[in-house]
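The next block holds one structure in the form of structure tokens; read it before the comments.
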There are 2 protein chains.
Amino acid sequence: MNDAPPRRKFRREGEERRRQDLIEATLDCVAEYGLEGATVRAIARRAGVTAGLIRHYFPNKEELLQATYATIVGRMTEQAKAALAMDNASPRRRLAAFVEANLTPPVIDARIFSLWAGFIGRATHDPALAAAHRVGYLGFRDELEALVAEVLAAEDQVADKAQTRAHAIAINGILDGLWIEGCLADDLFGPRELAGIAISTVEALLRLKPEREETP
Amino acid sequence: MNDAPPRRKFRREGEERRRQDLIEATLDCVAEYGLEGATVRAIARRAGVTAGLIRHYFPNKEELLQATYATIVGRMTEQAKAALAMDNASPRRRLAAFVEANLTPPVIDARIFSLWAGFIGRATHDPALAAAHRVGYLGFRDELEALVAEVLAAEDQVADKAQTRAHAIAINGILDGLWIEGCLADDLFGPRELAGIAISTVEALLRLKPEREETP
DNA sequence: ACGCTATTTATACACTTGCATAACAACGCC
DNA sequence: GGCGTTGTTATGCAAGTGTATAAATAGCGT
């Protein structure tokens, strides 16, 4: 008569490890089924735990989603900044590396895009998200603006402040736009085609000399 | 003892009219609460009908959403193409007008963006939406490619096919990227600033002569 | 003026969702 | 090795979801 189902075995994990696992599971779910498919049960199944556990690490689902969003934003900016760290290279090369880093995997990634779209769509109604986006955007643009100023200085161009700002806005737009297309339809482009197009465009915008003229 | 609630009065509408009303109501709901807020009941309430009626015009909710998406895609491309209709102007001016049309109201609009974001997030996993996006994108890009070819021809530049394609991809990216920023944070930019930046960038990309040189 | 029929309402159903709670067991500590 | 802490499971619930179905009525053809 003992038809009581055997209780599931489990292991205790470290707090940080579990949180990270849950976030990763959320990313997987969003990638596969979209934001709407990222239910607590689906996430838990993916993470190999039961649904209730989520509430033990996050006060509610919303916070898990925000933590997930913060994770990918951090991951992306980290990738981009890594490209800036090449201190020995010329400003022009660093700009090119920066552009390329933003338009190749792992930044070009359908999973990330799916999550980004889900969140950014909410930014219109959710002031907190709108503010988060703004901070990230302006930070990114400032970085870009500094880089542009360096490049122009190295090329002996007058770096008008307004002009530099405009350039940064434009480059940021190019990166955003091509990033989207790359995430949505990478099969339409060659492996490094988007990066190449972006670099050409940026160099034309900054009126850099067209070809290899590093050492006159 | 007659506590039977009085049945709601209603009017019969023409089929096409009702379908359009339901689509419009869906647009409102998505714009206001996001895709997740566009439930059949919310949509029906918005349209001033009861939920069951939706199923009388659409076999299921999914089809209503697809019809809605098709509607906004059509509306956006229609707006953009209208700017191309200035037949008497020079290719260069028409390109500038096209760019400007895509980066000023009513194309720059938080509501439209909200809709776009909601749907595009699904396009990663929903094949039907992905296909819809792709035809829209490629159609837009083809239009752009033809325009670029005209401009280059008028400027006596050799119009390499691959180069023209690359230019169109780049311009499309610029438009997308700046469109997003404009929709999300129009207060960060002057009224026509984004359009101006985009036009400058495009002209630099196509290596057009910098200033007013229309009549040498 | 009166039915006919298709549009519209009303109600119900099966299912999913996020969240709350209680029982349980893995693991560190003495 | 027993024990307490707490990470983890199991179960339940109320609200909301899309959909199915039947009843009602608006408005047209006659």
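These values consider heavy atoms only, across backbone and side chains, with no hydrogens, waters or symmetry-generated copies. Every chain is numbered from 1, with letters handed out A, B, ... down the list of sequences.
Rounded to whole Å, the distance from CZ on A:Arg12 to C1' on D:dT9 is 12 Å. In this structure, the CD atom of B:Glu13 is 11 Å from the P atom of C:dT9, given to the nearest Å. We find that CG of B:Leu64 is positioned 14 Å from C1' of D:dT19, with the value rounded to whole Å. Atoms CZ (B:Arg11) and P (C:dT9) sit 12 Å apart, rounded to a whole Å. For the pair B:Ile43 CD1 and C:dT8 P, the interatomic distance rounds to 16 Å; values are reported in whole Å. Put simply, CZ on B:Arg19 is 13 Å from P on C:dT8, counting in whole angstrom units. Summarising the geometry, the separation between CZ on A:Arg45 and C1' on D:dA10 is reported as 16 Å, rounded to the nearest angstrom. In this structure, CD1 of A:Ile54 is placed 13 Å from C1' of D:dT9, rounded to the nearest angstrom.
Along DNA chain D, the nucleotide closest to B:Phe10 and the one closest to A:Phe10 are compared, and the more 5′ of them pairs with A:Phe10. Taking the nucleotide of DNA chain D with the nearest heavy atom to each of A:Lys9 and B:Lys9, the more 5' of the two is matched to A:Lys9.
In A:Tyr137, the OH atom is crowded: over 12 heavy atoms of neighbouring residues, nucleotides or ligands sit closer than 6.0 Å. Atom CZ of A:Phe189 sits in a crowded spot, with more than 12 heavy atoms from other residues, nucleotides or ligands closer than 6.0 Å.
Regarding contacts with the backbone of D:dT8, a side-chain N or O of A:Arg18 is found under 4.0 angstrom from either OP1 or OP2. Considering only side-chain N and O atoms, B:His56 lies nowhere under 4.0 angstrom from the phosphate OP1 or OP2 of C:dT8.
B:Tyr57 comes within contact range of the sugar-phosphate backbone alone, with a heavy-atom separation under 4.0 Å but no base atom that close. Using a 4.0 Å heavy-atom cutoff across all strands shown, A:Glu15 reaches no nucleic acid atom at all. Residue A:Arg8 is in sugar-phosphate contact alone, with no base atom involved, counting any heavy-atom pair closer than 4.0 Å across all strands shown.
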Hey, what are the protein-to-nucleotides 16-18 of chain D N/O distances that come in under 3.5 Å?
unit_1, atom_1, unit_2, atom_2, d
D:dG18, OP1, B:Lys61, NZ, 2.4
D:dG18, OP2, B:Val40, N, 2.9
D:dG18, N7, B:Arg41, NH1, 3.0
D:dG18, O6, B:Arg41, NH2, 3.1

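Looking at heavy atoms from C-beta onward, B:Leu65 lies in side-chain contact with B:Leu35 at the 4.5 angstrom threshold.
On a pure distance criterion of 3.5 Å, no polar donor-acceptor pair joins the side chain of B:Arg55 and the base of D:dT19.
At least one cation-pi condition fails for A:Arg18 and A:Tyr57: the charged atom is not both under 6.0 angstrom from the six-membered ring centre and inside a 45 degree cone around its axis.
For A:Leu53, counting side-chain heavy atoms from C-beta on, the closest listed nucleotide (C:dT5, D:dG7, C:dT9) is D:dG7.
For the pair A:Val40 and A:Ile54, the tightest heavy-atom approach, listed with the atom from each and the gap, is O-CD1, 3.4 Å.
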Apply the test side chain to side chain contact (heavy atoms under 4.5 Å, CB included) to residues B:Arg75 and B:Leu27: give CA-CA distance (whole Å), side-chain angles for both, the deciding distance (0.1 Å), then the verdict.
CA-CA 12 Å; B:Arg75 224 174 262 179; B:Leu27 286 175; 3.8 Å; yes
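In this structure, the separation between CD1 on A:Ile43 and CG on A:Asp28 is 10.0 Å, given to the nearest 0.5 Å.
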